[in-house]
Amino acid sequence: MRNITAGLLFSGAMVIAACASDSVLLVNPRTGASVKCAASGSGLMAPAATGMVDDCIRRYPDYVPVDRLTPAERADLERRGALPY
């Protein structure tokens, strides 16, 4: 019984102590405008951080993550000096 109680207390502490952070840099390949979607959470809010970033990405349908730019899009943005780093 003692081991079960200790295990439950340990599991509960891990859930409360959990943390997460997520961020994505988005760029509009046509205009060069950029936006950073980022969120972090701890404890019971840790899983919500990913959901917040996903919601932010959905609000910018014409934007793509910088790491998913095509070589042509990247070259065009670099030529114009509009590629965010």
Does [X] share a hydrophobic cluster with [Y], counting links as ILVMFWY side-chain heavy atoms below 4.5 Å and allowing steps through other members?
{"X": "V35", "Y": "I57", "result": "yes"}
{"X": "V24", "Y": "V27", "result": "no"}
{"X": "V53", "Y": "Y60", "result": "yes"}

Rounded to the nearest 0.5 Å, how far does CG of L26 lie from CZ of R68?
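The CG atom of L26 is 9.5 Å from CZ of R68, to the nearest 0.5 Å.
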Are any non-hydrogen side-chain atoms of L69 and L83 less than 4.5 angstrom apart?
yes
State, yes or no, whether a side-chain contact exists between P29 and V64 at a heavy-atom distance under 4.5 Å.
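Side-chain contact under 4.5 Å: yes.
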For [X] and [Y], work out which heavy atoms get closest and say how close.
{"X": "V66", "Y": "R74", "answer": "O-NH2, 2.9 Å"}
{"X": "G32", "Y": "L77", "answer": "CA-CD2, 3.6 Å"}
{"X": "R80", "Y": "R30", "answer": "NH1-O, 3.2 Å"}
{"X": "M52", "Y": "A39", "answer": "CB-CB, 3.9 Å"}

Taking disulfide (SG to SG under 2.5 Å) as the cut-off, I'd like each qualifying pair that reaches into residues 24-85, sequence neighbours left out, listed once.
C37-C56
